[in-house]
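What you are looking at is a predicted structure, and each value in this text was computed from that prediction instead of being measured. Only this structure's heavy atoms are used, side chains among them; waters, hydrogens and symmetry mates stay out. Ligands are counted one by one from 1 in listed order, and the atoms in each one are counted from 1 as well.
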Amino acid sequence: MELFDLTIHELHDRLKKKEVSAVEATRAMLARIEATDGRVNAFITVTPEEALAAAAEADQRIARGEMDILTGIPVALKDIFLTRGVRTTCASKILANFIPPYDATSWLRLKERGAVLVGKLNQDEFAMGSSSESSAFGPTRNPWNLECIPGGSSGGSAAAIAARQATATLGTDTGGSIRQPAAHCGCVGLKPTYGRVSRYGVIAYASSLDQVGPVTRDVRDAAIMLGAVAGHDPLDSTSVDRPVPDYTKSLTNDVKGLKIGLPSEYFIEGLDPDVQQAMDRAIETYRGLGAEFVDISLPHTDYAVACYYLIATAEASSNLARYDGVRFGHRVSDPTGLMDMYCRSRAEGFGSEVKRRIMLGTYALSSGYYDAYYLKAQKVRTLIMGDFLKAFETVDVILTPVTPTPAFRIGEKVGDPLQMYLSDIFTIPTNLAGTCGISVPAGLSRDGRPIGLQLVGRPFGEEEIIRAAHAFEQATTWHQQKAPL
Ligand code: GLN
């Protein structure tokens with residue numbers, strides 16, 4: 001095993017035994033990025049100097065005996081997290097030269113424990129997309145098959161794990177953006193309950209849906225990363241003040257008697273046969289481990305995608321109003337007046353998908369249409385939330401596919417936004433309900449593209465989904481398979 005192949009807990013053990021230094025681990029990771037990222041394009045910015053300085057500091061901490069599980073671990077962040085002094089673009093031309101003056105809370109929490117930042121990761125522009133093709137910095141490719149998309153919007157966060165270019169990464173999930181790319185790249189991706197992790201310093205897309213979470217090589221690493229970033233933050237009023245459990249205590253490898261719900265609405269005709277087969281196999285695996293299955297219904301599932309695209313675009317149109325060329329961001333060089341400056345700076349700075357969302361959202365919020373669209377969508381959202389709460393009266397977790405198909409080809413859906421939007425059909429309802437979900441590797445398609453299994457939990461039920469995901473992982477070998485890169 002190379003240093004860049006290791007999980008957080010494996011690298012931690014080696015650092016602790018002083019078999020390797022943080023500087024050596026970081027050098028190995030930077031060399032791996034150098035050797036592979038020309039093909040993958042998972043990174044927008046690589047930060048070798050900062051990384052080596054942070055690694056040297058981590059080595060001093062280790063020498064002083066002040067070691068934490070994250071000390072000296074090379075991590076990378078989706079380029080939506082503000083990083084003080086390090087360019088943060090959100091994969092948009094409008095922020096191409098933005099250097100933030102402060103750190104996102106989630107990143108600060110990793111940094112304070114000695115994690116080493118190796119770079120900022122590619123994504124869909126402003127996290128709007130499912131394929132990472134809408135980046136102003138070119139598409140990211142799937143390390144399992146370079147002709148395919150890695151998923152999105154946190155495509156770089158998942159591709160970097162699959163390509164072994166970082167030990168762990170953070171992404172954000174508004175409608176599936178952690179779980180869907182994790183599934184397509186054969187990684188573990190966890191979207192925590194809304195309010196579990198601070199959003200302070202994370203560039204806002206749809207504020208009532210956005211949530212920060214880890215993408216990792218295994219479930220133990222996801223538990224470690226979640227424990228590090230979760231918890232109340234006075235700087236984000238939507239972060240919930242509730243104790244953070246030690247999530248690694250949930251890695252019990254015991255699911256006997258666990259009640260798993262199978263929602264009929266998610267096992268639909270048109271599901272890719274390889275995905276269906278992976279789900280059937282997973283159900284058998286869980287049965288063998290002593291879990292019980294219960295057929296359930298989430299009757300409002302059909303409305304989720306439409307509801308999401310009204311709420312997410314409405315919130316986006318409001319959040320993106322701040323990019324006006326005045327305080328920060330791209331500004332045209334030759335404005336003829338204030339209005340011209342606003343209009344042309346935004347026209348030049350935003351890509352076409354972002355513009356589409358702003359227009360859809362502005363329309364949904366406009367007077368006369370607000371009640372028919374935005375308000376109605378909020379009501380439907382409450383019904384979707386109710387479906388989940390009702391289901392959790394009888395089951396502990398819900399099992400579904402993450403995506404209807406394995407990763408599609410680059411370019412295949414760019415001309416058809418509706419098809420693109422439908423790739424999140426199984427992940428969006430979790431965000432609308434505000435609850436948590438995890439994606440775990442559950443198979444490979446006949447031609448070698450990863451398939452993910454989703455476990456959805458109760459609000460603040462992260463311990464249960466981690467326990468269930470871990471037991472599955474330990475009973476299978478999918479997480480040990482490596483992208484042929
Ligand atoms: N693909 C969905 C969208 O475009 C979800 C994106 C996300 O979760 N950030 O909005």
Could a heavy atom of [X] be found less than 4.0 Å from some atom of ligand 1?
| X | value |
| --- | --- |
| G129 | yes |
| Y421 | no |
| Q180 | no |

Minimum-distance protein heavy atom relative to atom 5 (C) of ligand 1: Y308 OH, 3.3 Å
What residue and heavy atom of the protein are closest to atom 7 (C) of ligand 1, and at what distance?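 In this structure, atom 7 (C) of ligand 1 has S177 OG, 2.3 Å as its nearest protein heavy atom.
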Over 60° means perpendicular and under 30° means parallel, so classify the ring planes of Y421 and Y309, tilted if in between.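 The arrangement is parallel - the two ring planes meet at less than 30°.
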Is it true that [Y] and [X] share a donor-acceptor pair across their side chains at a distance under 3.5 Å?
| X | Y | result |
| --- | --- | --- |
| K120 | T83 | yes |
| T430 | R179 | yes |
| S208 | R381 | yes |

Given the ring of F460, does R242 sit roughly above its face, with NZ or CZ under 6.0 Å from the centre of the six-membered ring and within 45° of the axis?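 Relative to the ring axis of F460, which defines the angle, R242 lies inside both limits.
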Side chain or backbone of [X] under 4.0 Å from ligand 1, or both, or neither, by non-hydrogen atoms?
| X | result |
| --- | --- |
| F126 | neither |
| A127 | both |
| E353 | neither |
| D424 | side chain |

Test your reading of the structure: does [X] have an N or O sitting under 3.5 Å from an N or O of ligand 1?
| X | answer |
| --- | --- |
| D173 | no |
| S130 | yes |
| G175 | yes |

Suppose I only count heavy atoms of G176 and a 4.0 Å limit; which atoms of ligand 1 are within that range? 8 (O)
Stepwise ring-ring contact (aromatic ring centres under 6.0 Å, His included) test for F98 and Y323: CA-CA 12 Å; F98 176 56; Y323 305 101; 8.6 Å; no
List the steps and the verdict of salt bridge (Lys or Arg N to Asp or Glu O under 4.0 Å) for E353 and R357. CA-CA 6 Å; E353 183 59 30; R357 307 279 179 115; 2.7 Å; yes
